[in-house]
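Every chain is numbered from 1 and lettered A, B, ... according to where its sequence line falls, protein lines coming before strand lines.
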2 protein chains.
Amino acid sequence: MNIANHLLTHDIKPSYQRIKIFEYLYSEMNHPTVDVIYKNLVDNIPTLSKTTVYNTLKLFVDKGITSTVTIEDNEVRYDAIVDNHGHFKCDDCGHIYDIEIDFSSLLYNELENFKIDETHIHLKGKCNKCLTK
Amino acid sequence: MNIANHLLTHDIKPSYQRIKIFEYLYSEMNHPTVDVIYKNLVDNIPTLSKTTVYNTLKLFVDKGITSTVTIEDNEVRYDAIVDNHGHFKCDDCGHIYDIEIDFSSLLYNELENFKIDETHIHLKGKCNKCLTK
DNA sequence: ATTCATTTTATATTAATTATAAAATTGTAA
DNA sequence: TTACAATTTTATAATTAATATAAAATGAAT
């Protein structure tokens, strides 16, 4: 994918930092925190500041090309996938898996006449790799 | 419900502060933050400290009589209901509704051979009251 | 009453995030 | 090219939730 174009089509000027941050999100798919993103990019962009990472991710979320993942309560993670899906976090290795979820099977009879904008699902446990090692 | 007994049966010594904190959680059912709990109790317990609220809730969660609700990323909320259920937060009034969810309808084919310990579901949108006012 | 364990409290610290304003960069029109 | 304006990035300070630590208070048992 052409990242500069992707940003442009979402009304975001493709600055060097923005391209690199999105590139990291998109290629790693590791649901990184701000800190992880910063530490991974600062070697190649020595002038990078954490504020830029915060600003950029906020912009990405506002423009709809990034979503946030809140599993633990002391850190926000970011995801280049924005269409509805769930997450599984392994308590052992800490890895966060994207999982497909058929949201249509979920019916909330108590929410009649409610307007549902977002549905967040995340699970915790142990992944197959950690269970067999 | 007899709160002192409830605490005792879960291996928690029923101190005055602990009883009052659980009583607040259980009677209000408002998914309060630590700050909200503290502010509501400090008038009647002038010596109460926030550290006690933190400690007590951590104890309650460890002993399984309270669960945490993480919807926004900058605040943890607490819930006296511990069996599996979901939450709906209204973006307008901020109220958090408990909702019953049939978790059995959710199948995760990607998680074969994974061990699932917890499932968290929360929704956002506008509640019926806010939609009609 | 004395001792020991538990609970509560005050204080300091940590760490994620936000606010603010200056510096750097980019784009554009003369 | 130069000058100017707008945008983006950066450094610094401030805020805030949560944790760590140790002293003070409480409670139970002898």
> Contact list please: residues 29-55 of chain B against DNA chain D, heavy atoms, distance less than 4.0 Å, in numerical order.
B:T51, B:Y54
> Checking ring-ring contact (aromatic ring centres under 6.0 Å, His included) against A:H87, which of A:H95, A:H31, A:H120 comes through?
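So, applying the ring-ring contact (aromatic ring centres under 6.0 Å, His included) to A:H87 and each of A:H95, A:H31, A:H120, only A:H31 qualifies.
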> Looking at A:K13, is its backbone amide N or carbonyl O close enough to the side chain of A:R18 to form a donor-acceptor pair, meaning the two atoms are under 3.5 Å apart?
yes
> Give each protein N/O atom lying under 3.5 Å from an N/O atom of nucleotides 3-7 of chain C, with the pair distance.
unit_1	atom_1	unit_2	atom_2	d
C:dT7	OP1	B:R18	NH1	2.9
C:dT7	O5'	B:R18	NH2	3.4

> Under the salt bridge (Lys or Arg N to Asp or Glu O under 4.0 Å) test, which residues partner A:E23, sequence neighbours left out?
A:K20
> At a heavy-atom distance below 4.0 Å, what parts of residues 61-77 of chain B sit against DNA chain D?
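Contacts with DNA chain D under 4.0 Å: B:N74, B:V76.
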> List for me each residue that meets salt bridge (Lys or Arg N to Asp or Glu O under 4.0 Å) alongside A:K39, sequence neighbours excluded, and say none if there are none.
A:D35
> Side-chain polar contacts of residues 1-10 of chain B - donor-acceptor pairs under 3.5 angstrom, sequence neighbours left out - could you list them?
unit_1	atom_1	unit_2	atom_2	d
B:N2	OD1	B:A4	N	3.1
B:N2	OD1	B:N5	N	2.9
B:T9	OG1	B:N5	O	3.3
B:T9	OG1	B:H6	O	2.8
B:H10	ND1	B:H6	O	2.9

> List, one per line, each side-chain donor-acceptor pair under 3.5 Å for residues 52-60 of chain B, sequence neighbours excluded.
unit_1	atom_1	unit_2	atom_2	d
B:T52	OG1	B:S49	OG	3.3
B:N55	ND2	B:T51	O	3.3
B:T56	OG1	B:T52	O	2.6

> Go through A:I101 and A:N84 one step at a time and tell me if the side-chain contact (heavy atoms from CB on, under 4.5 Å) criterion holds.
CA-CA 8 Å; A:I101 289 178; A:N84 241 354; over 6 Å; no
> Reading DNA chain D from 5' to 3', where do the contacts with chain A start and stop? Cut-off is 4.0 Å to heavy atoms.
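Both ends considered, the range comes out as D:dT7 to D:dT12.
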> Applying side chain to side chain donor-acceptor pair (under 3.5 Å), name anything that partners B:D62, two or more places apart in sequence or on another chain.
none
> Taking salt bridge (Lys or Arg N to Asp or Glu O under 4.0 Å) as the definition, give me every residue that meets it alongside B:D102, ordered by chain and number, with sequence neighbours left out.
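Partners of B:D102 under the salt bridge (Lys or Arg N to Asp or Glu O under 4.0 Å) test: none.
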> Test: side chain to side chain donor-acceptor pair (under 3.5 Å). Region: residues 106-115 of chain B. Which pairs qualify, not counting sequence neighbours?
B:K115-B:D117
> Taking distance alone, no hydrogens or angles, what donor-acceptor pairs closer than 3.5 Å link side-chain atoms of residues 121-133 of chain A to residues at least two apart or in another chain?
unit_1	atom_1	unit_2	atom_2	d
A:K124	NZ	A:E72	OE1	3.3
A:K124	NZ	A:E72	OE2	3.2
A:T132	OG1	A:N128	O	3.1
A:T132	OG1	A:K129	O	3.3

> Identify which one of A:V76, A:T33, A:D79 satisfies the side chain to side chain contact (heavy atoms under 4.5 Å, CB included) criterion when paired with A:V69.
A:D79
